[in-house]
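In this chain, numbering begins with 1 at the start of the sequence shown.
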Amino acid sequence: MAGHIISIIGGKGGLGKSQVAANLAFAYAIEGKVKTLLLDFDQKASGDQDFITGMKGKKNLKELADFKGAIDPNSIQQFASMNQNVFYIGMPNDPTMAEGIEVEALGRTLKAVTNIYPITVIDAGNELTPLAIKALEFSTLIFVVVTPDILALNQTKRLYSDLITMMFPKDMIQFVINQAVAGHPVTNDVIAKTLGKPAFSVVPRDDQNCTLALNQKKPVMLVARNSAFAKGIIDTVRRLTEKNILIALEKLNKPKDAGAKKVEASTAEGGTGAVKGGKSPWTELKSRIHRALVEEMDLKKTDENDPKAVIILKEQTKKVVVDLLGKEDTKGILNSRDDMNQIVKEILDEALGLGPLEDLLRDKSISEVMVVGPHKIYYEQGGKLKLSEVTFTNDRQVLNVIERIVAPIGRRIDEKTPYVDARLKDGSRVHAIIPPSSIDGCTITIRKFPDKRLTYKDAVKFGSMTESMADFLRIAVEAHRNIIVSGGTGSGKTTLINILGGFIQSNERIITCEDSAELNFPQEHIVRLETRPPSLEGDGAIDIRCLVKQTLRMRPDRIVVGECRGGETLDMLQAMGTGHDGSMTTVHSNNPRECIGRLETLVQYAGTSISARAIKEMIAGAVHLIIQQSRLDDGSRKIMYITEIGGLQGDTMILQDIFLYVQKEIGKDGKIIGEFQATGFIPKFIETLERKGFNVPRGIFNNRPQAAAAPVVAAPVAAASAPKPTTGGAGPASGTKPPVKK
């Protein structure tokens, strides 16, 4: 079983961090009877551990890093000296030699020593040097030592923020309060409140025994094992072992190449400013101002639902940012008023908004924004994917944006639940997923919705349908036909169902059920229901199926489900077939025939033992129309089929295409050229409506010249008689032929 590495680090000097590290190693070796390795990675205070432990390694870390052989139980003996089952390798006493240690070579060594020693304790120093970061990458646990001192507390808070920014899990970072004194004004509660989490352990101040141990060049554990300091260290070890904390922390996803990410973050260009030595002064200036801003202002107290409060906070924050910039040396970075305005805007966006995403979300021509880690932001414009020039500073900034999105709607995202569905204030749909599930960093996908609600006229204008198809869909909705909108991801299903919802009479009661509220109907009498994820305790979840069941008790005229993807499909079909005509939902599938098979599969997710024949009969009796929406290769979205379900013939569903889109060729500009065609088939419910006295224009089922819509090429075709229904599927296997031109 592989061993564990515990790194001890401090925010500044004078915290007793090296003494804590040395005594922790001896406490493990003596109390836990565990063979322990102690490594000194503190390059700034090289030689301190030699003095504290009274040990001097046979060879130092520089020689270990230069060693080209394999690290095994035999070879490591030539480097480590041993006392009380603690094996020790120190830092070179020469600072120049200490600075020249090859970091990657020691990284390979750390990987090997976990197979030799059950516990390795590393004194990582007071700064996040490349060597210290390498130690943290291989660590199971990071102990940050802090003392009850305002300056120490402030520097520890900075260090903690840097570690979180580098994507080290919060649970992996624990605080040890050293030199604790009863009655001190900086209490343990004050430290916990300042750092945002309680201390893991408290080590009392014990100057007498600590000084005695230093004078004897021995650890306190060997000089005064019953002292208050030693007992505090022993309690720390016992808590780690009794609760198997290291085993639990071992499962956390730790960052790799955190040092490289830190350099990347500091060198990523955020705008103007010359790049010197591979670093962007612009980005560094933004980071400094942002850190100072967080320390000076509480940006989370304002109610985001109060527009006036938001405006006031923005003005106050802007004033503080300008003041902070005035204290900085910005020569060569901010060379004009435009530069000043730009950096203030970027800082405000990061502090109060969604950072680099703000401009992309404001652009009306962009329909989707996709973040893949901090340095890659893609967006969809005109149906094509493009890479944005703007980037985030680091992964922590992306995580801050996600938390800012999900907090107002009561959602959460953390390592236990690393994904979330949410929405922005304008209704845009958001999906986010973070490490460990997302390997390349935090990922955000935002599906934007237009400020102006689209109508059928817009769909006709964009070439997604024709006037005749729009007229037919209006008739179908008003006639309370049950409709399934089928299509792939990003094909425009939600947009289409919003358009169909606009055809519902205003005197009807509509109830919608969604994972994240996206539907936007114009009617006044509408009840919107939304799912809820489980609580921190894992209970209290409300899924779509539960909501669909609730709608049946709410006297709905129409039930609209955002998407059927599970057992709720059974409840939806039962509702459609038992008096709730005119209901609508969407399903992921590629054509009407496949949509039927998808519905059959989803019904089985309900866990009921319904026969395949019974499911088909249920679908045939409940669903009247399938509208197939697709996104074509040129980025355009079109209705490919409007198909009526005509019942069952044996075990085969009868599907009859009413309208379809026929692709002809691809233009020189890459646009797909084709035309919408009416098959000439008259749906059964049209005849029923006519018998009730409704006047339905039969001309909409004939091919005739259509109103000009850019990508659509209309061709006059003579009217055709309605063909008989077939048992074929939609599309090439449909059995439905377009009318023959005369």
Item to check | Polar side-chain atom of Thr140 near backbone of His4 as donor-acceptor pair, under 3.5 Å | outcome: no
Checklist entry - Can you name the closest pair of heavy atoms from Ile52 and Ala22 and give their distance? => result CG2-CB, 3.8 Å
Checklist entry - Do Lys58's NZ or CZ and the ring of Phe79 fall within the cation-pi criteria of under 6.0 Å and 45°? => result no
Next on the checklist: Taking the ring centre of each residue, are Phe143 and Phe175 less than 6.0 Å apart?
Outcome noted: no
Checklist entry - Where the side chain of Thr417 meets the backbone of Asp414, is there a donor-acceptor pair that is under 3.5 Å apart? => result no
Item to check | Working for side chain to side chain contact (heavy atoms under 4.5 Å, CB included), residues Asn126 and Ile9 | outcome: CA-CA 6 Å; Asn126 302 314; Ile9 193 167; over 6 Å; no
Next on the checklist: Test of understanding: with salt bridge (Lys or Arg N to Asp or Glu O under 4.0 Å), list the residues that count as partners of Lys44, not counting sequence neighbours.
Outcome noted: Glu99
Item to check | Residue pair Asn85 / Tyr28, side-chain donor-acceptor N/O under 3.5 Å | outcome: no
Under 3.5 Å donor-acceptor pairs involving side-chain atoms of residues 237-244, not counting sequence neighbours:
unit_1, atom_1, unit_2, atom_2, d
Arg239, NH1, Phe200, O, 2.4
Thr241, OG1, Val237, O, 3.1
Thr241, OG1, Arg238, O, 3.1

Item to check | Pro118 versus Ile116, closest heavy-atom pair with distance | outcome: CD-O, 4.0 Å
Next on the checklist: Test: side chain to side chain donor-acceptor pair (under 3.5 Å). Region: residues 205-222. Which pairs qualify, not counting sequence neighbours?
Outcome noted: Arg205-Asp207, Asp206-Asn209
Item to check | Interatomic spacing from CZ in Phe41 to CD1 in Ile133 - rounded to 0.5 Å | outcome: 13.0 Å
Next on the checklist: Whether the side chain of Gln179 engages the backbone of Thr147 through a donor-acceptor N/O pair (distance < 3.5 Å, no angle test) should be reported.
Outcome noted: no
Item to check | Inter-residue atom distance Cys442.SG - Arg396.CZ, 0.5 Å rounding | outcome: 8.5 Å
Next on the checklist: Could you report the tightest heavy-atom contact between Thr443 and Ser438, atom names first, then the distance?
Outcome noted: OG1-OG, 2.9 Å
Checklist entry - Under the 3.5 angstrom rule, does the side chain of Asn23 hit a backbone N or O of Met221 as a donor-acceptor pair? => result yes
Item to check | Residue from Leu222, Asp48, Leu38 passing side chain to side chain contact (heavy atoms under 4.5 Å, CB included) with Thr53 | outcome: Leu38
Checklist entry - Does the side chain of Leu153 come within less than 4.5 Å of Leu195's, by heavy atoms? => result yes
Next on the checklist: Please give me the minimum heavy-atom distance between Pro436 and Pro418, naming the atom from each residue.
Outcome noted: CD-CB, 4.4 Å
Checklist entry - Side chains of Val176 and Val144: closer than 4.5 Å at any heavy-atom pair? => result no
Item to check | Lys134 side chain near Thr129 side chain, heavy-atom distance below 4.5 Å | outcome: no
Item to check | Pair Asn400-Arg404, side-chain donor/acceptor within less than 3.5 Å | outcome: no
Item to check | From CA spacing to verdict: side chain to side chain contact (heavy atoms under 4.5 Å, CB included), Ile8, Ile6 | outcome: CA-CA 7 Å; Ile8 316 296; Ile6 303 174; 3.9 Å; yes
Next on the checklist: Let me confirm one number: the CG-CD1 distance from Leu37 to Ile122, rounded to the nearest 0.5 Å.
Outcome noted: 8.0 Å
Checklist entry - Under the 3.5 angstrom rule, does the side chain of Ser437 hit a backbone N or O of Pro435 as a donor-acceptor pair? => result no
Checklist entry - Taking side chain as C-beta onward, heavy atoms only, is Lys170 less than 4.5 Å from Tyr160? => result yes
Checklist entry - So do Ser201 and Asp235 actually touch side chain to side chain, heavy atoms under 4.5 Å? => result no
Checklist entry - Can you list the steps and then say if Asn83 with Phe26 is a side chain to side chain contact (heavy atoms under 4.5 Å, CB included)? => result CA-CA 9 Å; Asn83 183 15; Phe26 276 88; 4.3 Å; yes
Item to check | Worked check of side chain to side chain contact (heavy atoms under 4.5 Å, CB included) between Gln49 and Tyr88 | outcome: CA-CA 9 Å; Gln49 282 294 351; Tyr88 170 68; 3.2 Å; yes
Checklist entry - Sub-3.5 Å donor-acceptor pair from the side chain of Ser75 to the main-chain atoms of Ala70, do we have one? => result yes
Next on the checklist: I'd like to check the ring-ring contact (aromatic ring centres under 6.0 Å, His included) partners of Phe51; sequence neighbours left out, ordered by chain and number.
Outcome noted: none
Next on the checklist: I'd like to know if Asp349 pairs up with Lys345 as an ion pair, taking the criterion as any Lys NZ or Arg NE/NH1/NH2 lying under 4.0 Å from an Asp or Glu carboxylate oxygen.
Outcome noted: yes
Checklist entry - To the nearest 0.5 Å, how far apart are CG in Leu61 and CE in Met97? => result 12.0 Å
Next on the checklist: Is the shortest side-chain heavy-atom distance between Ile89 and Asn60 below 4.5 Å?
Outcome noted: no
Checklist entry - Looking at side-chain heavy atoms only, is the closest gap between Glu102 and Leu106 below 4.5 Å? => result no
Next on the checklist: Determine whether a donor-acceptor pair (N or O, by modelled atom type, separation under 3.5 Å) exists between the side chain of Glu358 and the backbone of Leu354.
Outcome noted: yes
Next on the checklist: Give me the atom names and distance for the closest heavy-atom approach of Val86 to Ala25.
Outcome noted: CG2-O, 3.7 Å
Item to check | Any side-chain heavy-atom pair of Leu163 and Leu128 under 4.5 Å | outcome: yes
Checklist entry - If every non-hydrogen atom of Val145 is compared with every non-hydrogen atom of Leu15, which pair is closest and at what distance? => result O-CD1, 3.2 Å
Checklist entry - For residues 10-21, which residue pairs qualify under salt bridge (Lys or Arg N to Asp or Glu O under 4.0 Å), counting only residues two or more places apart or in two chains? => result Lys17-Asp42, Lys17-Asp123
Item to check | Nearest-0.5 Å distance that lies between atom CG in Leu131 and atom CD in Glu104 | outcome: 10.5 Å
Checklist outcome for this item: To the nearest 0.5 Å, atom CG of Asp40 lies from atom CE of Met55 at 12.0 Å
Checklist entry - Has the side chain of Gln155 got a donor or acceptor atom that lies under 3.5 Å from a matching backbone atom of Leu151? => result no
Checklist outcome for this item: Quick note, side chain to side chain donor-acceptor pair (under 3.5 Å) partners involving residues 181-197, not counting sequence neighbours, are none
Checklist entry - Okay, side chain of Ser139, backbone of Ile142: is any donor-acceptor separation there less than 3.5 Å? => result no
